[in-house]
2 protein chains.
Amino acid sequence: MSDKKQKQKKPQKLKARLARGFPDRSTSDIRATDQMMAKIRTVYERFGFEPVETPFVEYTDALGKFLPDSDRPNEGVFSFQDDDDQWLSLRYDLTAPLARHVAENFNDIQLPYRTYRAGWVFRNEKPGPGRFRQFMQFDADIVGAPGVQSDAEMCMMMADTMEALGIPRGDYVIRVNNRKVLDGVMEAIGLGGEDNAGKRLTVLRAIDKLDKFGIEGVKLLLGAGRWDGGKEGEGDFAPGAGLDEGQVERLLGFLIIAEGNDVEETLASAESSFSDSATVLSGVSELRKISEMASTAGYGPDRIKIDPSVVRGLEYYTGPVYEAELLGGIPNEKGQIVQFGSVGGGGRYDGLVSRFMGQPVPATGFSIGVSRLMTALKNLGKLSGDVASGPILVTIMDRDRIGDYAKMAQELRTALNPLGGDGQPLGPTVPVELFQGNPKDFPKQLRYADRRGSPIAIIQGGNEKEAGKVIVKDLIEGKRIAETITDNAEWREAKAGEHLVDESDLVITVKRILAEQESDGQDV
Amino acid sequence: MSDKKQKQKKPQKLKARLARGFPDRSTSDIRATDQMMAKIRTVYERFGFEPVETPFVEYTDALGKFLPDSDRPNEGVFSFQDDDDQWLSLRYDLTAPLARHVAENFNDIQLPYRTYRAGWVFRNEKPGPGRFRQFMQFDADIVGAPGVQSDAEMCMMMADTMEALGIPRGDYVIRVNNRKVLDGVMEAIGLGGEDNAGKRLTVLRAIDKLDKFGIEGVKLLLGAGRWDGGKEGEGDFAPGAGLDEGQVERLLGFLIIAEGNDVEETLASAESSFSDSATVLSGVSELRKISEMASTAGYGPDRIKIDPSVVRGLEYYTGPVYEAELLGGIPNEKGQIVQFGSVGGGGRYDGLVSRFMGQPVPATGFSIGVSRLMTALKNLGKLSGDVASGPILVTIMDRDRIGDYAKMAQELRTALNPLGGDGQPLGPTVPVELFQGNPKDFPKQLRYADRRGSPIAIIQGGNEKEAGKVIVKDLIEGKRIAETITDNAEWREAKAGEHLVDESDLVITVKRILAEQESDGQDV
């Protein structure tokens, strides 16, 4: 590396490029995300959750065992070795680090421990369109919560979150399943035990594709495997779980039931088909409890729905799993209506903390995919990343009097952004800018104002200064007048939207014009 | 690694530990930081800055040349190789990535480009007390700003930021220097040219230690080197810049002038001592312009002060450099009064964008050390990480009626947190929790409420339910009464702070008690 550095000492021109899969974030996306997260945070806080955060980097072993792809141990995470030879990794999700945090601070933590956190996570995967290697999750968890009432409460909180974000009832659903049901079914068809762990994961992944590939596709994935193109040799080949025909039939029978709409029928059928499995029976009983509690609390099946086909990919779930799904079509960036699907989910992970401890520590929690949900809300028109107005621009006519212009800018900034007694702003921010480009070309300054969406420009040349005057140019009015003028000379005469006022009337004039613009804007 | 994984398949007990130098963030620190950042953001927005963010990971070469420690190329950053063999690094600061962003999107960006961003940065350094390997910076930059008026405006914005955070005038100062002055002085003593780049950096680092080691210490660092313990062989040895006596004397002469309080005298003296250096003269002239502009705009030397001893370590600065310093003592965590010093700084970096481009792109910006400033403000009592109150706790007496309890919790949550027409909360959040631990031990539920600082607990046993009643327990009143009671039996009689009310009066009773508690709290 040292040699390479030497050669690079005088780079002619370095290529500016984003690293693969690591995107920039635009002003509009940041503002929209912040708006959304503030609303989510309010819901979580109402339920008694408090923010706690973990760092971006953890010892690899703290993340290791429960990695979603522990059957592919060298994939998935970005890792590097510390100077003391220990392996470090960028966090893959926010759940494994939380488990480490709780275990490390177990004696100081008051259980049940309700916390939330928003944070970036990293996946060392092949990037693609819409598939990034860093993205933000917004998690809420209760640690030290043994009963399924906690899972039910999490589902209720997810439902409240969807509604707080402006998604009407009926346009989302929280779907709930129990890993015990699926585990019990797999056990019953002979896939129990440590040796079959990998096979079980392949089966779960296959079931998870039910929406995408239908029963026939899942059948192939459970058996010999599936060609992506549909026929042998077409597209990529996904190896199957290698189940025999009897196993496939029994599993498919369960899935076909689960696809039905009558939940009680599905649960009862699972109970009778797998009556010899204590795990299935326990899972079904927990699902009934969740359903009852939610209904009693006012969250009917239009909001929280038991659905035995829900999988959630992660290996570490041990009980109820749940996910929030947006229903109905949502316009995408191209205006096409698409099915958006899941925007977040989670479940019970009773083993994740206890692997650090000598005792069981039950926990449940979920994660919202922030960028994904933000995109959906933006496309639904529920979020705006735009601000009300561009900055008021103080232009520079005379380079020797920059201090004067800076003073005007500061005077406006203070007067237009009053603070309350608590030091908080009393209204939305009105930005005021001093022009900072090369001031030689004056029309360029006005073009800059135009492109920034400035409502007003402040102009003071030598003549005005001498007369103790300043020009307040209403750029919106100016633009309107300009549209009616065709002749250059006429334009110069018109001084469209310009108000020549005493220096001492600067603030009051700007306030008046802003007020006029606002009421005009409302008329439109 | 695969072998290791096999062995780890059944870990007995994994040790839960933070990776070295990567801290968790507490509830209180998160809340305090969020409060602080909201205030900073408001100031930046008033100046017309808008948020734009870059990812955590960049190609190493995009960060490479201008790394603060490019004389130690293998230190400082966390790097790892991508699957296409390209080197990736966690960002070291937010400036180099911004330069990449601007260069990559140059045709779409409207110059001058004012943006801000808060973000975590990573340093692969030896961690120590208070020295972390991840920390947050809050940056503001203007790209495409050729004149020193931009640097002056940045200093004014820093001053406004300090005051918006509640630091009174006189308790902070923005100190300004110009890298051209120092560069010119070094050139004049024969340290110009590419070959002396390393030596110049060592000299700058030595000057930067003026506050810490005094003139005598700096003299050693400029010459043969310095033993940390003060005498030969004591402590670590810091190698010096190896300047000869004449060079050292001339440089020290300048530093001694710079230590004086009369800025005009310092500037005039630099001009006469280094009158043969065009670089020094240009630097001094720029400093005068900044000082004049700031003064005219109302920012006198009590707020923005020219100080030729300011260095700022980073290699990439090309003109004015500035830093915000807290003056006076600030209590530390142990209550001792300490000098806090710099909380942020920056400067002009005209080369950082243009190394990607075929053209010059002038820029200036600064960075606030978020955790550091937050700690200072917290210790000054300017920020609080605490919330007004703990959650109202709905306890569980009867496990079969969890749905009822959940319903009560939800009813309270909705009623106590009304939303305005715009969907925004009308007041501070009142959290309401359903107890989620093991409900068997009822006193444990009340102990949980106590430790969470709950103002009220809701209790409904079978008797109450039958009678259509519910107990609203005022935990603050209860605690007050408890203090006057010594006898256990008396205690049980007293039912301290308990109000037995109709179920339909639940919300109104809770509201009344909260209002009483608030007015009592104000009396205290």
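Proteins come first, then strands; the chains are lettered A, B, ... in the order of their sequence lines, and each starts at number 1.
Residues satisfying the side chain to side chain contact (heavy atoms under 4.5 Å, CB included) criterion with B:K126, sequence neighbours excluded, are absent altogether. Not counting sequence neighbours, B:S354 has no partner by the side chain to side chain contact (heavy atoms under 4.5 Å, CB included) test. B:Q86 is linked by a side-chain hydrogen bond (donor to acceptor under 3.5 Å, both in side chains) to A:R17, B:Y59, B:D84, counting only residues two or more places apart in sequence or in another chain.
In terms of modelled atom types and a separation under 3.5 Å, the side chain of A:T115 and the main chain of A:P51 share no donor-acceptor contact.
When heavy atoms are compared at a cutoff of 4.5 Å, A:F106 does not approach chain B at all. Proximity to chain B (any heavy atom under 4.5 Å) is shown, for A:L18, by both the backbone and the side chain. Of the atoms belonging to A:V430, it is backbone heavy atoms, and not side-chain ones, that fall under 4.5 Å from chain B. With a threshold of 4.5 angstrom between heavy atoms, B:R451 approaches chain A through side-chain atoms but not through N, CA, C or O. Proximity to chain A (any heavy atom under 4.5 Å) is restricted, for B:L419, to the side chain, taken from C-beta onward. Contact of B:V57 with chain A is made through backbone and side chain together, with heavy-atom distances under 4.5 Å. Neither the backbone nor the side chain of B:F132 comes within less than 4.5 Å of any heavy atom of chain A. Neither the backbone nor the side chain of B:E292 comes within contact range of chain A; no heavy atoms are under 4.5 Å apart. A:L88 touches chain B through its side chain: at least one heavy atom from C-beta onward sits under 4.5 Å away, while N, CA, C and O do not. For B:R114, the part lying near chain A is the side chain, with the backbone staying farther off; criterion is any non-hydrogen pair under 4.5 Å. In this structure, chain A has a heavy atom under 4.5 Å from the side chain of B:L90, while its backbone stays farther away.
Aromatic pair A:F80/B:F78: centroids less than 6.0 angstrom apart.
A cation-pi arrangement is found for B:R91 relative to B:F56, the charged atom lying closer than 6.0 Å to the ring centre and inside a 45° cone about the ring normal.
When B:K289, B:M156, B:R452, B:K444 are compared by the number of non-hydrogen pairs under 4.5 Å with chain A, B:R452 comes out ahead.
Residues from residues 404-413 of chain A that place a non-hydrogen atom less than 4.5 Å from a non-hydrogen atom of chain B comprise A:D404, A:A406, A:K407, A:Q410, A:R413, given in numerical order.
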